[in-house]
Amino acid sequence: MVTTKTNEGKISIFDQLAPLDQEQLTFFQHAPSRLKAIVAIDNTTLGPAVGGVRMFPYPTEREAILDVLRLARAMTYKAALAGLNFGGGKAVIIGDPRRDKSEELFRAFGRFVHSLGGRYITSTDVGITIDDLLIIRQETPFVTGLPVDLGGGGDTSVATATGVWKGMKVFAKEVFGTDSLSGLRIVVQGVGKVGHSLLPHLVEEGAKIYITDSDEERLKAVSKEFPVTVLLPDAVFGIECDIFSPNAMGAVLNDETIPALRCPIVAGAANNQLAEPKHGYMLQKRNIWYAPDYVINSGGLINVCDELQGYCQPRAWRQIEKISETLTRIIAFSKEKGVPTSEAADWMAQKRIKIMREVQRIYVPTAAAVAPQNKGLG
């Protein structure tokens with residue numbers, strides 16, 4: 001559990017939630033299916049919370065809690081800066097996706113999601129496939145990221161990778177004076193769904209591509225498909241390049257890795273790339289431009305949220321094109337205020353949420369204001 005101390009020396013989850021201003025943390029278990037799941041609803045000011053469910057064999061419950069809270073906050077900011085009328089949430093299932101999946105487990109999770117009454121809408125994330133999502137959907141309509149034949153937008157990795165590619169071009173223009181990626185040395189860390197979908201864009205641009213992944217078989221397959229150079233996982237941080245692109249798990253930018261970086265740009269799809277907020281300042285001190293992950297990787301969220309109003313691909317992709325505009329504004333704000341791009345993005349997201357809270361405070365009547373008045377008896 002979360003190890004914060006109160007005056008009585010006891011553990012308090014509320015003490016963890018209070019400084020983060022997060023709304024709800026819900027635990028659910030179903031013994032017959034061995035389901036242990038946690039949903040974090042970070043903020044619903046802009047609308048219902050949307051965010052994928054991640055299945056991962058967390059070593060401790062504390063690590064699962066901290067991960068789901070961090071991921072949910074990133075989803076709030078992601079939706080806010082993508083111009084969406086949704087809030088942020090996330091779910092985690094504690095388990096190994098290679099051996100712990102079952103129909104019973106996902107149907108139990110679907111009932112859990114349904115019990116939240118639409119405050120949280122789930123989708124895919126690490127360890128979860130479309131087939132898993134379809135089982136969840138048997139128990140609840142609060143699911144997005146569906147296949148095209150069911151009215152969905154299909155594979156979200158394509159939309160996410162498109163946003164990352166466009167974002168790379170924004171930062172390339174800032175650093176090199178042109179948005180062309182031709183001839184640039186780009187290190188792609190992680191060639192799973194999003195990293196793999198990113199590669200065709202980089203090949204078409206004429207970039208010099210280096211890849212790595214923890215899955216050796218995947219590396220072999222990708223190296224046969226694209227003209228790339230394969231690197232050992234530990235070598236990626238020290239190689240001299242123009243863009244370092246993290247597309248695997250989070251917290252890859254930390255006290256150990258940032259000093260080793262030899263690049264002017266970090267731009268990738270992985271969530272929560274900064275291990276701590278201070279690492280945005282470390283990158284800035286080293287004159288490394290950082291594309292805030294929840295902005296550059298928001299294409300997938302934009303795509304799935306469009307399903308909730310009846311999926312229209314042209315409309316979704318018009319919204320994805322705006323990622324470049326948002327990143328340009330973040331760069332301008334960062335330069336004007338002298339703060340890291342990570343701080344600039346946080347401030348801009350918080351500003352939109354704060355303005356909407358004020359609008360709601362002024363224009364939305366409270367329950368007490370609209371309740372029938374007690375006129376007394378007789």
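Throughout, residue positions are numbered sequentially from 1 according to the sequence presented.
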Look at [X] together with [Y] and state whether they make a salt bridge at an N to O cut-off of under 4.0 Å.
X: K169; Y: E205; value: yes
X: K354; Y: E358; value: no
X: D132; Y: K101; value: yes
X: K90; Y: D67; value: no

So do the side chains of [X] and [Y] get within less than 4.5 Å of each other, counting heavy atoms only?
X: P147; Y: I130; value: yes
X: S245; Y: L198; value: yes
X: K166; Y: I323; value: no
X: V53; Y: I93; value: yes
X: F86; Y: P48; value: yes
X: V68; Y: L25; value: yes
X: L274; Y: L283; value: yes
X: L327; Y: P292; value: yes

Where does the angle between the aromatic ring planes of F28 and H30 fall among parallel (under 30°), tilted (30 to 60°) and perpendicular (over 60°)?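 Parallel: the ring planes of F28 and H30 meet at under 30°.
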
With no hydrogens and no angle check, just 3.5 Å: does a side-chain donor-acceptor pair link [X] and [Y]?
X: E225; Y: H196; result: yes
X: Y58; Y: T60; result: no
X: T129; Y: D131; result: no
X: N297; Y: T160; result: no
X: E23; Y: T44; result: yes
X: S123; Y: T144; result: no

Residue pairs fulfilling ring pair (Phe, Tyr, Trp, His ring centres under 6.0 Å) with at least one residue in residues 288-321, sequence neighbours excluded: Y77-Y294

Return yes if some donor-acceptor pair links the side-chain N/O of E174 with the main-chain N/O of I331 below 3.5 Å, else return no.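 A pair under 3.5 Å: no.
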
Assess whether side chain to side chain donor-acceptor pair (under 3.5 Å) is satisfied between N272 and D293, documenting all intermediate values. CA-CA 7 Å; N272 294 330; D293 48 52; over 6 Å; no

Kindly indicate, with the supporting measurements, whether the criterion side chain to side chain donor-acceptor pair (under 3.5 Å) is fulfilled by T156 and N303. CA-CA 7 Å; T156 59; N303 203 61; over 6 Å; no

